[in-house]
Asks: 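One structure follows; several queries about it will come next.
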Amino acid sequence: GAVVSQHPSRVICKSGTSVKIECRSLDFQATTMFWYRQFPKQSLMLMATSNEGSKATYEQGVEKDKFLINHASLTLSTLTVTSAHPEDSSFYICSASGFQSSYNEQFFGPGTRLTVL
Amino acid sequence: AQSVAQPEDQVKVAEGNPLTVKCTYSVSGNPYLFWYVQYPNRGLQFLLKYITGDNLVKGSYGFEAEFNKSQTSFHLKKPSALVSDSALYFCAVRDGGNFNKFYFGSGTKLNVKP
């Protein structure tokens, strides 16, 4: 149990376009989802926390208008990178927690590799 | 503020030898500590956690970790390393105030040689 999926796994886009990444909890209700960004050989940087049905809470330094997060249901959160630029190229990972996890752990998706040309 | 530190960027061991990946923490209140493993181009997989109880925590794939309150450490260990254990390991602490928020260490790359 506690499986989180991400789609797409890899995306290449042109500079200036927008990209949407989906994060789904497949077998549990995720009351909270997290979006992380990981640069090569570095740790995960928390970008934002989203609770189902409410606005996301962004970490300091993360542009809200750049990285749009929606958590419309207990099984789906989306991250949209708007007007993407090459510096947005990164590995984006989502995670989810919910009733099944007793708020003790997060379950991570496999990640999405974004390359902006 | 909550934080974890992983002092080693890389750990190299020979297959069959014991391994240790170090983690120290700084928290206000009771620590909730976790270890995750990441394989190339993949998300993080949960290994084990310490919430309360026995200081020695056993987890997935034969890994265990020892919680040491006096040394504020939570080192990851395995008695006999496998080549397939080669990966990136992250220690994490859960925010005591915001239970959903995790803070991750910088990661330690484990290299197990045949």
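Naming: A, B, ... by sequence-line order, numbering from 1 per chain. Owing to the predicted nature of the structure, the values given are computational and were not obtained by experimental measurement.
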Asks: Please classify the contact between B:Q6 and chain A as side chain, backbone, both or neither, with a heavy-atom cut-off of under 4.5 Å.
Replies: neither
Asks: Where does B:F104 contact chain A at under 4.5 Å (heavy atoms): side chain, backbone, both or neither?
Replies: both
Asks: With a 4.5 angstrom heavy-atom cut-off, is it the side chain or the backbone of A:Q38 that approaches chain B, or both, or neither?
Replies: side chain
Asks: Using a strict 4.0 Å threshold on nitrogen-to-oxygen distance, state whether B:K77 and B:E66 make a salt bridge.
Replies: yes
Asks: Return the orientation label for the B:F46 and B:Y36 ring planes: parallel under 30°, perpendicular over 60°, tilted otherwise.
Replies: perpendicular
Asks: Compute the ring centroids of B:F34 and B:F102, then answer whether they are less than 6.0 Å apart.
Replies: yes
Asks: Out of A:T78, A:N70, A:L68, which one pairs with A:K20 under the side-chain contact (heavy atoms from CB on, under 4.5 Å) rule?
Replies: A:T78
